[in-house]
Number of protein chains: 2
Amino acid sequence: MAERTVIGGVGRVLRPDPHRCGRCALAGLKFLRCLSEGEAAFVRDLKRGEMTFDPGSLILHEGEEADSLYTVVSGWAIRYKTLADARRQILKFVLPGDFLGLQSSIFAAAEHSVEALTEVRTCVFLRKRFWEMQERHPQLGYEMVWVAASDEQHLDAALLSVGQRSALERAAYLLLDLYIRAEERELVVNETVLFPFNQQHLADALGLSLVHTNKVIGRLRTMKLIKWEGRAFQLLDRAGMEAVAKWEARANAVPRAFL
Amino acid sequence: MAERTVIGGVGRVLRPDPHRCGRCALAGLKFLRCLSEGEAAFVRDLKRGEMTFDPGSLILHEGEEADSLYTVVSGWAIRYKTLADARRQILKFVLPGDFLGLQSSIFAAAEHSVEALTEVRTCVFLRKRFWEMQERHPQLGYEMVWVAASDEQHLDAALLSVGQRSALERAAYLLLDLYIRAEERELVVNETVLFPFNQQHLADALGLSLVHTNKVIGRLRTMKLIKWEGRAFQLLDRAGMEAVAKWEARANAVPRAFL
DNA sequence: CGCGACTTTGAGGAATTTCAATAGGCGTGG
DNA sequence: CCACGCCTATTGAAATTCCTCAAAGTCGCG
C-alpha cells in the first residue's frame, strides 16, 4: 500500500499512501485539488496506463507526432527547443504535477522535446479521447485551460527574465523559481533540494554560456545566497536572492485538479 | 452593410461584408473557422459588446483584476511585462484574431499588460460567464485550449529566439514572424505592411538596447533583406531572411473558431 | 521656423563569449 | 588498489558582442 517513489536514484520517499484521492503520489500537494468521484472514474477510464522513463530518454520528441499526454507523477525533466546548429533553449524544468503534451494535442506534432533528467514516472492519456473529456466533464476541460494558462505565465516570466535581466539576476531568478517549485512539491528536505541537472542545463535555460553561468553561480555563492555542492542545493538567504533576482510575488492561482 | 474597418489610421478596408459568419471583420481569415449556428447564437449571447481602444491606451493592466476577455478584431497591440525598474519585455505583438485575457480568466489578476498601438477594436466577453461555455459548448471550450496552446507555441519560439539567437538572427526572426502573421491576416498590401511601432518597441521585444537594435536593422537593410521607411515595411528577400533568422517551418494548426 | 519624437552614428566601456588549460570525482579495467 | 578515461566544474585571458553615453540628423507638425 505504502507506495514508494524513488527520485533520481536517491532513495527519498514521496508521500507514501495518500489518504483521499487514490494512490497517486501527487495527492495532497497544495496546488492540486482532488477529483470528484465522477471525474475520477472518468479519468481512470481515460487513462491508458503508466509509463516510466529512464534518465536521458525522450518523453516527447520535436517534430514527431504524439498520441499521448502525460502527467508527471515523479521525477524531473526538461522541455526544450533546439536550433538546427544544436543551440538549445530549455523552456522549462518539468516537475511532478506538470502536464505534458497539451500542445501536441492541438497541433499534430510537438514543436519541442521533453527529456527525462531522472527516472520520470507518468500517467498516460490518449490524445484521441481527450476532447471527449471536454464534453463529459467540462470542469476537467476547464482545467486544461488552467494548465495551459499557467504554463503560459511561467513562460512569460522566463521570457522577461532572459530578455531583461542581467546574467546574475537571471541566474538568481531561475534558481529561486526552481527552489520554490520544488518546495511546493515537497521535494525540499532539510532545506535542501537535489537538483538533477548540471551547469550546462542551467546555461541552456538562461541563454548564457557555460563558462559565464559558472562564474555567475560562483558570485551567488560568494554572496552567501546559495550553497550548491554536488547535486545538493540550498537557499541560504531567501530575501537576498529575491532582491538580486528582482523577484515579484506571483499570483495565487486556484488549485487545479490533477489528472 | 459593408462594414469598414480602419487600421492604424490608414484607410484600408479589411473584408467588408463577409458572407457567412456574420458581420465580423475576422470572417474569412484562413486560420479561423466559422461558428456553427448554435455556437454563434451562444456567443452572441455571451458577448457583452464591442470596445474600441485608442492608441496608447491599456487593454489589460498588470496586477489588475479583469472581468473581461477580448478578441481583437482590428488593430495592433503589445502584450508585455515590466520589472520594477521599468525594464520592459514585449511578449507578443497582438494582431487581429488574437485572444486576450485568457490567463486572467483563470488567475484573478493579469500578470501582464496589453497596450494598444493603433486603434484596437475588440469583442468583449464576460469572464464570469466564460466557464458556462465549457459546459454548453464543449467544442468552444476546446478552442480555448487551442488558443492557449497556440500562444504557448509562440512564446516557446520567442524564448528560443531571445535565449539563443544572436542579435541579427533575432531581429530577422521577429520581423519575419511579424510579416508572416500580418500576411495571414491580410494586412500585407503591395508587399508592404504598415508597422505601427518604433524601434524601441522592437528593442523591448528582442531584449536588446535601442541603439544596437538600430544597428542590426541597418545591417538587414544593407544586406538587402528588408526595406523599412517610416512605417512601411517590405520583405525584399524572404529566403535570405529565413536563412539569417534560422527560420524553421511552423506546424500547421487546425483552424480555430473565432469568438 | 522650432519643437518633439524618432532614427542614425561614433566612441568607449561593460558584459558575455570563446578558447584554453587545470582540477576534481567517479567508475572501469588491469 | 591504482591508472586511466570521461564528465563536470573552475579559472584565466583574449576576443566579441552588446550597452551606454553623447551628439547629430530626419521628419512631421503647429
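In the text below, chain A, chain B and the rest are named by the order of the sequence lines, each starting its count at 1.
Proximity of a side-chain donor or acceptor of A:Ser57 to a complementary backbone N or O of A:Phe53 within less than 3.5 Å is not detected. Side chain of B:Asn198 to main chain of B:Gln200: a donor-acceptor pair is present (N/O by atom type, distance under 3.5 Å, no hydrogens or angles). A:Arg121 places no side-chain N or O within 3.5 Å of a backbone atom of A:Met51 that could act as its donor or acceptor partner. B:Arg185 contributes a side-chain N or O that, together with a main-chain N or O of B:Arg181, makes up a donor-acceptor pair within less than 3.5 Å.
Boundaries of the chain A contact region on DNA chain C are C:dT16 to C:dC19, first to last in 5' to 3' order (nucleotide atom under 4.0 Å from a heavy atom).
Residue contacts for B:Asn214: at a heavy-atom cut-off of 4.0 Å it reaches a base atom on one of the strands shown.
For the salt bridge (Lys or Arg N to Asp or Glu O under 4.0 Å) test, residues two or more places apart in sequence or in another chain that qualify with A:Lys246 are A:Glu169.
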Grab the N/O contacts between the protein and nucleotides 13-19 of chain D below 3.5 Å, and write none if there aren't any.
| unit_1 | atom_1 | unit_2 | atom_2 | d |
| --- | --- | --- | --- | --- |
| D:dA13 | N6 | A:Lys215 | NZ | 3.4 |
| D:dC18 | OP1 | B:Ala167 | N | 3.3 |
| D:dC18 | OP2 | B:His212 | NE2 | 3.3 |
| D:dC19 | OP1 | B:Ser209 | N | 3.3 |
| D:dC19 | OP2 | B:Ser209 | N | 3.1 |
| D:dC19 | OP2 | B:Ser209 | OG | 3.2 |

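One atom, CZ of B:Arg231, and another, P of D:dT26, lie 18 Å apart when rounded to the nearest Å. As rounded to whole Å, 13 Å separates atom C1' of D:dA9 from atom CG of A:Leu202. Atom CZ in A:Phe197 sits roughly 17 Å away from atom C1' in D:dC7 (whole-Å rounding). For the pair B:Arg87 CZ and D:dT20 C1', the interatomic distance rounds to 14 Å; values are reported in whole Å.
If you run side chain to side chain donor-acceptor pair (under 3.5 Å) between A:Thr82 and each of A:Gln89, A:Arg88, A:Glu62, only A:Glu62 comes through.
For the residue pair A:Thr122 and A:Glu50, no side-chain donor N or O sits within less than 3.5 Å of a side-chain acceptor on the partner. When only modelled atom types and interatomic distance are considered, B:Thr52 and B:Glu119 share no side-chain donor-acceptor pair under 3.5 Å.
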